[in-house]
Number of protein chains: 2
Amino acid sequence: MNDTTTAAPLRAPLYRDIERRLTDALTHGEWKPGTAIPPERRLAARFGISLGTLRRAVDELVAANILIRQQGRGTFVARHTRDREAFHFLRIVPGRGPKAYPDVRLVAFARGKAGPDVAAALAVAPGASLFRIRNVLWLGTAPVIVDDIALSAARFAGLTERAFRERGSTIYRFYEEAFGISVVRTRERLRATRADAVAARLLDVPNGSPLLAIRRIAQSYRDVPVEYRISRVDTARHEYWADIGS
Amino acid sequence: MNDTTTAAPLRAPLYRDIERRLTDALTHGEWKPGTAIPPERRLAARFGISLGTLRRAVDELVAANILIRQQGRGTFVARHTRDREAFHFLRIVPGRGPKAYPDVRLVAFARGKAGPDVAAALAVAPGASLFRIRNVLWLGTAPVIVDDIALSAARFAGLTERAFRERGSTIYRFYEEAFGISVVRTRERLRATRADAVAARLLDVPNGSPLLAIRRIAQSYRDVPVEYRISRVDTARHEYWADIGS
DNA sequence: AAGTGGTCTAGACCACCAT
DNA sequence: TGGTGGTCTAGACCACTTA
């Protein structure tokens, strides 16, 4: 939650320690997305700390959308649902009218090599092997977004076009279930660009139309980058939303 | 911090109550931006609650950037500094190279009437009197952003072009000091557009160049809208950043 | 009824800042 | 040295879910 630039105190507070031990357990797959972690009283006993301190550590992970509390039921490891992927990570909404789920259509699946930018973004060596996936997202009755996704072939070993096409769930849920990779945050950079020939054709807009270009780095626990994605969005009838300070 | 859609429990927790009483005091000007609120132990006694509960209420306001804790010194009402306005609310950064403070140049100051969209955004009656302000923001050696600001003339009674031009501080700090209006959050919607003749001239780009258009509603305590702003950004060498899930 | 998370208390002690 | 926020504890009781 802190700025990455914040100086670490000489002795980290106990709840940070516990927080680290909890994400350790998550990273090592001790608790899977969608399942409950042990009850708070049990965890507090296991770590030999008070309930208040344990709750504080869990609070941090809840705030980071890594854990989800449900009163009376338990605390669960967050998992990607259709809603979460469509309305939390996908920040494109209609200018007017209700939100809709995107219809994701795979248009290209290939292997490639990482250029310097992608390599830096994914923390792999330049020239490392990649999967490159292109999707067109339909919202309502029109194509609105072209997504170009780059994945490290090493991290997603065994991925095939067929598995991706027939995944039967959202993309991030698929990463979770098939590769044990949980996307917990994204960093996005936006620019206004012009549609090139490919995007113009896929989005059915004139060549040179203004498109919103979003560069996204998706990260897992511990800020490990797992996906690099460039989205180009036709914002004639849709827009990107960002609330600051809430 | 909660979804606005969350059903309210039958009996609100005590700390929500305290949080409301604290923002009441802020709204009524009991504590001014930049000054310290009373120490936590004193506030807890004043409200007749435990320190833990008082801290929880303060925690919420700290998370919302309304209060700022400083260990050993006190808890202060957040105030707009150059850094906060330039790096927290202004989400435009250079594509490469270090961030810089914007140089804000006023190019137009006028009165006008609210159309339906602006009226809805500012929660004023359609046709209500407005101030309309246009600034060009320079970053480094080039004009990068055109800001068109709309303010309710009633809420900013007495504002003059001269006062705005000679404000001697950032814009949001000026709202705070001259009108007691504290901006604590913004809601932004982004689109890719083409530069019209005016923007092209002010930003020194060809007519029709792609520009990032940002519609911003700035809100004070209790989500009261206080400013409507449309920014048009030349993203050739700058970009907009958004981190999700952190 | 049993088990979970949610709220609230009372108090001890630590870390940091100003004087 | 005194005053501030930061951490941690131990425990009581409430609210909600499931069986």
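First the proteins, then the strands, lettered A, B, ... as listed; each starts at 1. All values derive from a computational prediction rather than experimental measurement.
- A salt bridge is defined here as a Lys NZ or Arg NE, NH1 or NH2 lying under 4.0 Å from an Asp or Glu carboxylate O, and A/Glu30 with A/Arg46 meets this definition.
- Recorded end-axis angle for the helix from C/dA1-D/dT18 to C/dA18-D/dT1 stands at 10°, based on five pairs per end and rounded to 10 degrees.
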* To do: Would you sort out whether A/Asp24 and A/Arg20 count as a salt bridge (Lys or Arg N to Asp or Glu O under 4.0 Å), showing the intermediate values?
  => CA-CA 6 Å; A/Asp24 273 346; A/Arg20 193 185 46 72; 3.2 Å; yes

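- Taking the six-membered ring where the residue is Trp, A/Phe179 and A/Phe174 present perpendicular rings, their angle passing 60° and hence far from 30°.
- By the 4.0 Å N-to-carboxylate-O rule, B/Arg55 lies close enough to B/Glu40 to be salt-bridged with it.
- A salt bridge does not link B/Asp243 with A/Arg216: every distance from a Lys NZ or Arg NE/NH1/NH2 to an Asp or Glu carboxylate oxygen is 4.0 Å or more.
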* Asked: Could you write nucleotides 2-9 of chain C as a row of B, S and -, 5' to 3', where a protein heavy atom under 4.0 Å of any base atom gives B, of only sugar-phosphate atoms gives S, and otherwise -?
  -> -BBBBBSB

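- Under the 6.0 Å cut-off for aromatic ring centres, A/His80 and A/Tyr175 do not qualify, their centroids lying 6.0 Å or more apart.
- We find the CG-CG distance between A/Leu90 and A/Leu139 to be 7.0 Å, quoted to the nearest 0.5 Å.
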